[in-house]
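Comments concern the structure below.
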Amino acid sequence: MSEDTIFARIVRGEIPADIVYQDDLVTAFRDIAPQAPTHVLVVPNRIIPTAADIGADDEAVVGRMVRVAAQIAAAEGIAEDGYRLMINCRDHGGQEVYHLHLHLLGGRPLGPMLAR
Ligand code: AMP
């Protein structure tokens with residue numbers, strides 16, 4: 001692989017992470033700096049840099065990301081109260097890691113969608 005990311009290294013088990021789910025397409029692990037009682041990142045195993053780079057061939061993996069996030073929310077016991085799924089894209093979106101990731105946030109009321 002010519003490109004690498006910290007999340008790709010987590011997917012490959014090269015650096016430690018609190019992995020909560022992994023299959024042939026996606027990996028989910030707890031965010032290292034949680035913003036809510038539940039804060040899990042769901043990433044494609046294969047690097048897709050940003051939401052803007054999702055292609056037609058990626059529809060299955062992106063669908064899997066969302067479905068796995070919902071399953072983790074249920075397993076964490078936060079599904080009934082609700083939660084937030086979030087993808088930051090590029091500079092204005094505040095994206096720090098250029099390996100697509102879906103934030104699953106919940107476990108408390110999350111307030112307004114954006115900081116004012
Ligand atoms: P974003 O700003 O959407 O790119 O989010 C990147 C997220 O990755 C942040 O919430 C970080 O706390 C999280 N993060 C960065 N490095 C790690 C890591 N090694 N393990 C788990 N989460 C990480």
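In listed order, ligands and their atoms are each counted from 1. All values below come from the heavy atoms of this structure, side chains included, with hydrogens, waters and symmetry mates left out.
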Distance check, rounded to the nearest 0.5 Å: [X] atom [atom1] versus [Y] atom [atom2]?
X	Y	atom1	atom2	answer
Arg84	Met113	CZ	CE	7.5 Å
Asn45	Arg64	CG	CZ	9.5 Å
Ile72	Ile78	CD1	CD1	9.5 Å

Would you call the rings of Phe29 and Phe7 parallel, tilted or perpendicular, where under 30° means parallel and over 60° means perpendicular? perpendicular
More than 12 heavy atoms of other groups within 6.0 Å of Asp24 CG: yes
Is a side-chain donor or acceptor of Gln95 paired with a backbone partner of Arg90 at a separation under 3.5 angstrom? yes
Enumerate, one pair per line, all nitrogen or oxygen atoms of ligand 1 lying under 3.5 Å from a protein nitrogen or oxygen, stating the separation to 0.1 Å; write 'none' if no such pair exists.
unit_1   : atom_1 : unit_2 : atom_2 : d
ligand 1 : 2 (O)  : Gly94  : O      : 3.0
ligand 1 : 2 (O)  : Glu96  : N      : 3.4
ligand 1 : 3 (O)  : Asn88  : ND2    : 2.9
ligand 1 : 3 (O)  : His101 : NE2    : 2.8
ligand 1 : 3 (O)  : His103 : NE2    : 2.8
ligand 1 : 4 (O)  : Glu96  : N      : 2.6
ligand 1 : 4 (O)  : Val97  : N      : 3.1
ligand 1 : 4 (O)  : His101 : NE2    : 2.9
ligand 1 : 5 (O)  : His101 : NE2    : 3.1
ligand 1 : 5 (O)  : His103 : NE2    : 3.4
ligand 1 : 10 (O) : Asp31  : OD1    : 3.3
ligand 1 : 10 (O) : Asp31  : OD2    : 2.5
ligand 1 : 12 (O) : Asp31  : OD1    : 2.6
ligand 1 : 22 (N) : Ile32  : N      : 3.1

